Amino acid sequence: MNNLRFLITQSHSNGSQACKGIHHCALEEDLLHKHLSMGEVELARKVFDEIPQPSVFLWNAMIRAYSWKGPFHRAIKLYYDMLNSGVKPNKFTFPFVLKACSSLLALEEGEEIHEYVRRIGLESDLFVSTALIDMYMKCGCLDESCAVFDGMPNRDVVSWNAMIAGFALHGMYEDTIGYVLEMQNAGTRPNRSTVVTLLPVVGQAKALTQGRSIHGYCVRRYFDEDDILVGTALLDMYMKCTSLVYACRIFGKMSSKNEVTWSAMIGGYVLCDRMMDALEVFDQMMLEGSSKPASSSLASALRACAKLADLNGGKTLHNYSIKFGFLSDITIGNSLLSMYAKIGSIGDAVKYLDEMEFKDTVSYSAIISGYVQNGNAKEAFAIFKSMLSNVEPDVATMVGIIPACSHLSALQHGKLNHGLAIIHGLASDVSVSNALIDMYMKCGRIDHGREVFDRMSKRDVVSWNTMIAGYGTHGRGKEAISLFLNMQAECIVPDDITFICLLSACSHSGLVTEGKHWFHAMTLNYRIKPRMEHYICLVDLLGRGGYLDEAREYIRRMPFEPDVRVWGALLGACRIHKNIELGEEVSQMIGKLGPEGTGNFVLLSNIYSAAGRFNEAAQVRIMQRDKGFMKSPGCSWIEIKGNIHAFIGGDRTHPQSQKIYGKLQELLVEIKKLGYRPDTSFVLHDMDDEEKEHALLYHSEKLAIAFAILSSSNDKPIFVTKNLRVCGDCHGAIKLITLVSKRVIVVRDASRFHHFSDGMCNCRDFW
DNA sequence: ATAGGGTTAG
């Protein structure tokens with residue numbers, strides 16, 4: 001019966017005569033094909049279901065329709081229905097059903113089909129093998145793909161492309177390129193598809209040289225910029241390689257642009273840190289582009305606004321999102337959320353989060369990082385907690401929340417999150433480990449940080465930078481340098497940030513010669529052009545070491561105009577070495593550069609008051625006040641049993657305030673016996689001596705330490721964190737407190753760690 | 001062919 005129908009359909013399609021019943025079926029078949037050609041898959045399906053015993057051609061047509069646009073599981077289901085109905089699939093069936101398998105990542109079904117194909121001896125068919133390669137590649141079975149490919153008696157450009165696309169999909173740059181070369185050696189010419197699949201990998205690897213030679217190949221083969229696919233892929237590749245000039249040239253030459261082209265251009269500008277240009281292209285697209293923008297363009301434009309802190313621009317884009325109906329797109333929702341959060345408009349961000357119908361891990365993570373970046377770690381913890389009852393945290397969530405612990409020096413929170421990372425299987429991630437290292441280092445636990453670092457199976461440049469910076473801020477410069485040497489022994493190439501970490505490490509440890517050496521080696525041996533940040537470190541290093549004139553000379557010879565920060569570094573050195581003359585000159589330079597932070601006012605008035613010129617010190621403070629710069633109050637805090645206790649100077653709000661002041665009195669009496677005299681030069685206000693002394697005696701760090709001595713056991717070191725730099729008077733007092741209390745005290749201030757013990761500090765009084 | 005949240009420094 002089956003065979004009969006087979007013959008009948010065959011004969012019909014050959015235009016032979018048809019009897020009445022058969023004619024009925026033939027009409028249905030025509031209808032089915034008509035529906036399919038119109039893309040009306042469901043209507044075609046209805047017709048198909050009415051046909052009593054469809055031929056293999058009809059089965060194939062239906063499976064093909066589903067495997068083309070989905071729903072893919074229907075394609076697979078139909079394939080099994082076909083087998084069950086006794087119809088044997090032919091060599092055209094397998095590529096269709098395998099495509100459905102690869103779209104669904106249905107490996108088990110794919111393997112079963114492979115087995116079947118092998119049994120009926122179709123494995124070496126060109127089309128079937130290629131489909132198998134594609135399926136295995138998408139399902140992540142690279143070895144199986146290779147096995148099928150190696151077993152092919154002959155290959156065409158499509159089979160090579162399947163291998164190339166597979167490796168490209170997994171971001172395996174070397175293998176992708178390798179197969180292209182092999183393909184050419186085997187005499188197969190790469191076609192447009194090859195190039196279009198190859199270019200994103202090249203871009204990802206930032207392999208500009210290879211990208212340019214592929215561009216050359218495109219031009220030689222006449223599929224260059226005018227082809228929208230090739231043109232867009234080339235443009236995107238150049239953007240990923242931050243080769244703006246080439247990208248723009250192609251963009252300008254392209255006679256037709258589609259939404260992907262625009263989107264690649266906008267995203268590319270964002271990647272290259274050219275936010276204004278990104279927004280300009282976005283506006284251009286809104287004018288020239290025929291249809292509604294791609295959501296990806298909108299997402300990139302939102303990122304640009306976030307980076308520019310352009311709230312108005314962001315709100316305009318928000319309106320566009322509403323107008324074009326993008327709000328149900330979670331990517332756009334999250335981009336909006338993140339834009340508000342990054343700009344610091346946290347209220348808007350939280351409001352938006354509450355309104356979101358579907359929130360995912362990204363939504364929460366965006367808010368968490370927004371809070372952390374805006375210095376509100378406590379709120380970040382609150383959101384994180386509410387997140388845990390709704391969605392799973394992932395790598396980015398942990399990388400967002402762990403720095404909150406670092407900021408607060410909240411070790412208990414940090415350990416909790418370390419545990420959470422382990423539970424969720426995220427602790428082995430490089431970025432999570434990096435964040436953990438930083439957290440332990442900033443909480444004063446060098447050994448814990450080191451342990452995380454040592455246990456990592458893979459380390460990237462950030463891991464090393466974090467360690468170098470960590471050792472640096474703890475005043476262990478020699479170890480920082482030795483890490484720097486070790487990283488190169490392990491073939492990790494130092495970047496510009498590595499040198500910032502290294503130079504500041506030298507500076508904190510007074511390693512002037514070493515620091516100067518590495519500063520010069522950076523340009524000569526590592527081909528890294530020093531940025532302003534490197535000069536700041538160098539000036540700091542020389543200045544601290546007392547080489548003020550040399551530091552001044554480096555600023556003079558910088559290839560760009562000095563900014564407030566680099567002058568600020570020199571001003572700090574003037575304070576340490578009490579050089580009023582240079583200090584005044586530097587202040588004038590800073591004054592010319594316009595508004596700046598409060599730190600420099602404080603430094604200058606410190607210089608004056610250290611020299612006993614209190615009137616001038618007061619003048620500076622008045623000027624600061626008149627210009628509207630408020631000094632942020634000094635604040636110190638300490639974590640005891642997972643709770644954070646914060647103090648500001650003269651604070652009496654703590655429940656145990658009475659006892660704390662009592663303890664502090666006691667300590668002051670003791671250290672005065674050891675020779676402590678309040679150093680009033682650190683007090684800037686025009687008050688009388690008694691007041692000055694009072695202001696000093698109850699600085700926030702002293703209160704925090706007194707509290708810590710009261711509330712923690714004797715054998716444990718005390719860890720205090722301060723938002724500003726520790727003042728000189730407190731620094732001296734704490735040294736003596738270690739003697740009378742027999743405690744080790746570690747203070748993390750705005751610039752480094754001070755390890756106090758036995759009457760000394762490891763910063764050697766140069767901070 | 002394009003697109004959302006992330007770690008290091010100052």
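Here the structure is a predicted model, which means the values were calculated and not measured. Throughout, a chain's letter reflects where its sequence line sits, starting with A, and its residues are numbered from 1.
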Of all the choices, [options], which nucleotide is nearest to the side chain of [X] once you look at every atom?
{"X": "A:P403", "options": "B:dT7, B:dA1, B:dA3", "answer": "B:dT7"}
{"X": "A:V462", "options": "B:dT7, B:dG6, B:dT2", "answer": "B:dT7"}
{"X": "A:S263", "options": "B:dT2, B:dA9, B:dA3", "answer": "B:dT2"}
{"X": "A:T361", "options": "B:dG5, B:dG6, B:dA1", "answer": "B:dG5"}
{"X": "A:V395", "options": "B:dA9, B:dG6, B:dA1", "answer": "B:dG6"}
{"X": "A:A469", "options": "B:dA9, B:dA1, B:dG5", "answer": "B:dA9"}
{"X": "A:H508", "options": "B:dA1, B:dG10, B:dA3", "answer": "B:dG10"}
{"X": "A:A294", "options": "B:dA9, B:dT7, B:dT2", "answer": "B:dT2"}
{"X": "A:D236", "options": "B:dA9, B:dT2, B:dG5", "answer": "B:dT2"}

For [N], does either OP1 or OP2 sit under 4.0 Å from a side-chain N or O belonging to [X]?
{"X": "A:K240", "N": "B:dA3", "result": "yes"}
{"X": "A:K342", "N": "B:dG6", "result": "yes"}
{"X": "A:K442", "N": "B:dT7", "result": "no"}
{"X": "A:Q373", "N": "B:dG6", "result": "yes"}
{"X": "A:S504", "N": "B:dA9", "result": "no"}
{"X": "A:R531", "N": "B:dG10", "result": "no"}

When the distance from [atom1] of [X] to [atom2] of [N] is rounded to whole Å, what number comes out?
{"X": "A:F484", "N": "B:dT8", "atom1": "CZ", "atom2": "P", "value": "20 Å"}
{"X": "A:M239", "N": "B:dT2", "atom1": "CE", "atom2": "C1'", "value": "12 Å"}
{"X": "A:I492", "N": "B:dT8", "atom1": "CD1", "atom2": "C1'", "value": "14 Å"}
{"X": "A:D429", "N": "B:dG6", "atom1": "CG", "atom2": "P", "value": "15 Å"}
{"X": "A:I228", "N": "B:dT2", "atom1": "CD1", "atom2": "C1'", "value": "12 Å"}
{"X": "A:I497", "N": "B:dT8", "atom1": "CD1", "atom2": "C1'", "value": "6 Å"}
{"X": "A:L271", "N": "B:dA1", "atom1": "CG", "atom2": "P", "value": "18 Å"}
{"X": "A:N161", "N": "B:dA1", "atom1": "CG", "atom2": "P", "value": "11 Å"}

When all nucleic acid strands are considered with a 4.0 Å heavy-atom cut-off, which category describes [X]: base, sugar-phosphate, or nothing?
{"X": "A:S363", "value": "nothing"}
{"X": "A:D495", "value": "nothing"}
{"X": "A:D496", "value": "nothing"}
{"X": "A:A435", "value": "nothing"}
{"X": "A:D563", "value": "nothing"}
{"X": "A:I330", "value": "base"}
{"X": "A:S431", "value": "base"}
{"X": "A:I536", "value": "sugar-phosphate"}

| query | Is the Lys NZ or Arg CZ of A:K516 less than 6.0 Å from the centre of A:Y554's six-membered ring, within 45° of the axis? | reply |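 No, A:K516 and A:Y554 do not form such a contact.
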
Ignoring hydrogens and angles, does a donor from either the side chain of [X] or the base of [N] sit under 3.5 Å from an acceptor on the other?
{"X": "A:N258", "N": "B:dA1", "result": "yes"}
{"X": "A:S338", "N": "B:dG5", "result": "no"}
{"X": "A:D540", "N": "B:dG10", "result": "no"}
{"X": "A:T466", "N": "B:dT8", "result": "no"}

| If you measure from the Lys or Arg side-chain nitrogens to the Asp or Glu carboxylate oxygens, is any gap between A:K292 and A:E259 under 4.0 Å? |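 No.
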
| Check: A:D394/A:T397 side-chain N/O donor and acceptor closer than 3.5 Å |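 Yes - a donor-acceptor pair under 3.5 Å links their side chains.
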
| field | Qualifying residues under salt bridge (charged side-chain N to carboxylate O under 4.0 Å, His left out), relative to A:D495, sequence neighbours excluded | value |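 Scan of A:D495 (salt bridge (charged side-chain N to carboxylate O under 4.0 Å, His left out), adjacent residues dropped) gives none.
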
| request: Applying salt bridge (charged side-chain N to carboxylate O under 4.0 Å, His left out), name anything that partners A:E490, two or more places apart in sequence or on another chain. | output: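 Expected list: A:R459.
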
| CA sep, side-chain torsions, deciding dist, call: A:Y246, A:R212, side chain to side chain donor-acceptor pair (under 3.5 Å) | CA-CA 9 Å; A:Y246 288 106; A:R212 292 196 57 186; 2.8 Å; yes

| task | Evaluate the side-chain proximity of A:M398 to A:F384: yes if any heavy-atom separation is below 4.5 Å, no if none is. | result |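 Counting from C-beta outward, A:F384 and A:M398 do come under 4.5 Å.
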
| said: For a quick test of reading the model, state the closest non-hydrogen atom pair linking A:I228 to A:N258 and the distance between them. | reply: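 That would be CD1-N, 3.4 Å.
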
